[in-house]
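Just the heavy atoms: all of them, side chains too, but no hydrogens, waters or symmetry mates, feed the values below. The chains referred to below are lettered A, B, ... by the order of the sequence lines, with proteins before strands, and numbering in each begins at 1. Since the structure is predicted, the reported quantities are computational estimates derived from the model, not experimental observations.
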Amino acid sequence: MLEYGAAKSYAILRRKDERVILHFDYDCFYASVFEAENPALKSLPLAVQQKQIIVTCNYEARRRGLHKLQLITEARRICPEAVIVLGEDLTRFRDASKLLYTLLRTLSSSERAEKLGFDEVWLDVTSLIDENLTLLNKNDLANSFFQLSLTDPTLGFPFDATVYAGSVFPKDNDSSLADLAPSEQTLQMRLLLGSHLANYLRLQLEEQHGYTSTVGISTTKLVSKLVGNLNKPKGQTTLIPPYEQDEQHESNITRFLDTHDIGKIPGIGFKLAQRLREFVLNRPATFDAGLVYGGTKENVTVGQVRQLPGLSADLLAKVLAGPGTPHDVGVKVLGLLNGIDPTEVSQARTVPRQISIEDSYLRLDTMKELMEQLQSLSARLVERMRIDLTETLDSSTNEAVSTGEKWKWLAHPPTLRLTTRPRAPLNEDGTRQRSFKRISRSAPTPSFIFSQTGLVEVLAERLVKEALLPLFKKLHERSGWNLSLLNVAVTGMVDEGKGGPGRDIGSMFRAAEGSKKELDQQDPFNACPPDEDDLEPEYEEALEQQEFSTWEEQEEDTEEMEYRCPRCGVPVPTFARVAHERFHSYK
DNA sequence: ACGAAATAG
DNA sequence: CGTTCTATTTCGT
């Protein structure tokens, strides 16, 4: 954790490129979901509509002049033969997103798999890459085999380790491997392995579920996400070394980032970009309204900011200061400009942190209409909670029989929140404020909404009366409200039944991929494996799930062939492999 | 803990 | 660029 050299008032940035991170972006995701449901659509121009706009369209439609955020009327005029489907119900997208995410997480055995929206996933595949680095036969790199599993050496794919899979940046790569410093050569090999893993995973997404994707491969979330954009759709790009700048080489990271508009950098949003542009251009804020699609705008690049004389974290902190700005923006942004991003790919969660349902209105100013809308939003919220926060109980288990319950809550959100956006709030003096800001109030979540017997509609009605109306009164004590938005949310969910390591399927994978160094330091003479009776109850469930999710691809191999643990050499029967791995992973 | 703000798809 | 409907993180209190 030494990305930033320690210093009081200024920070010295240091590269740290010890990870391999893949960033997946599913191509025109919404359109692909409809194509997966109905493959006949693949050859047709297909667009997905929400309200009055095309939110995305397939590449056949793009060839005919359709594009994102296009008005339906315009789309119809330009391409009357286009198939336009409604995509306002997000359920199918949420389901497809989960399916693909599960495949990526399972195949890469990655503890760290982070979703952004429905169509992006980061994988930190460092452990898997480093394992495979040690398995390479340097005398026959062209005929390498990438092992996806520590326990099953046959699970994986052959590949040619003398070349990258897919595209690289920079293309005109003139520096040969031998020119690079040893650390850069290692990085080169790790990224090369990453490119082949990415290629394999893209193939699996397409073969198993029919989705094409675009991938970026590098050492940080920042760069992996940006570099993927160079070859889309259905492509992948690896940002190749050198990453570190020295006398002979310019850093490819800097070379790549410097041409980007400042606002294109993830983490530099609208506000920060505006302040940076203003600072570089040395003139008051530039307007940002009224731009036509594809129109020009003030272009300030990462390179322009990065190369400003006297630039420091302190200077950036002063430039970027404002209400709500994080205190470490200076260091963070200076890092981003230099392609340094220590942000970890976060662990897979079993439940989201919050669920919210909202709707917007042209006018909402009567109590009757308010009650109806709160009722509708509440019902949708309870439905979503039952989908996203529960796990269906197997009717054959004891638990279901003893409790008579149909499902188990995976989380109990402690907080209920009501948010509104007043359209023209009336002050005491009768003047009008123009604001699109949201205001909210929250309260403890009433426990009755976790009822398994209550009808959604009934629970929703009670939620409105007992919890939401009091919150609404807190928000709008004075009369004369007129709302343009209502939002009802439950927040603060934490993964339950996940008290410590080894208590969920995710950490089983994590354990199985734990760092090689640690595993090698285990005492090889320890007795193993432990009796199944000694395992925690969660083990059985985890074993079943793991078998299902990682071993189902094997077509044969149902024979009892003897398998010896690669760590300690003891024979381990198939059914006990997970337990055995676990034994090694925890001291 | 609560409410707002910033960022992102 | 905007908007809509989300979701996450972080700030100040």
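For A:W481 and A:F472, the distance between ring centers is under 6.0 angstrom.
Counting any heavy atom pair closer than 4.0 Å across all strands shown, A:R441 reaches sugar-phosphate atoms only and no base atom. Using a 4.0 Å heavy-atom criterion, one finds that A:L90 contacts no nucleic acid atom at all. Looking at heavy-atom distances under 4.0 Å, A:K115 makes no contact with the nucleic acid at all. Counting any heavy atom pair closer than 4.0 Å across all strands shown, A:D359 reaches sugar-phosphate atoms only and no base atom. Across all strands, A:G117 comes closer than 4.0 Å to no nucleic acid atom at all (heavy-atom distances).
A:Q375 and A:E457 share a side-chain donor-acceptor pair at under 3.5 Å.
Straight-line distance from the CG atom of A:L272 to the C1' atom of C:dT9: 14 Å, rounded to whole Å.
The 12-atom threshold is exceeded at CG of A:L86, counting heavy atoms of other residues, nucleotides or ligands nearer than 6.0 Å.
Contacts between residues 379-390 of chain A and DNA chain C, defined by a heavy-atom separation below 4.0 Å, involve A:R380, A:R384, listed by number.
Residues satisfying the side chain to side chain donor-acceptor pair (under 3.5 Å) criterion with A:R275, sequence neighbours excluded, are absent altogether.
The aromatic rings of A:W409 and A:H412 sit tilted relative to each other, their planes meeting at an angle between 30° and 60°.
Residues A:Q50 and A:Q354 each lie close to DNA chain C; by heavy-atom proximity, the contact nearer the 5' end of the strand is made by A:Q50.
For the ring-ring contact (aromatic ring centres under 6.0 Å, His included) condition, no pair includes a residue of residues 358-390 of chain A, sequence neighbours left out.
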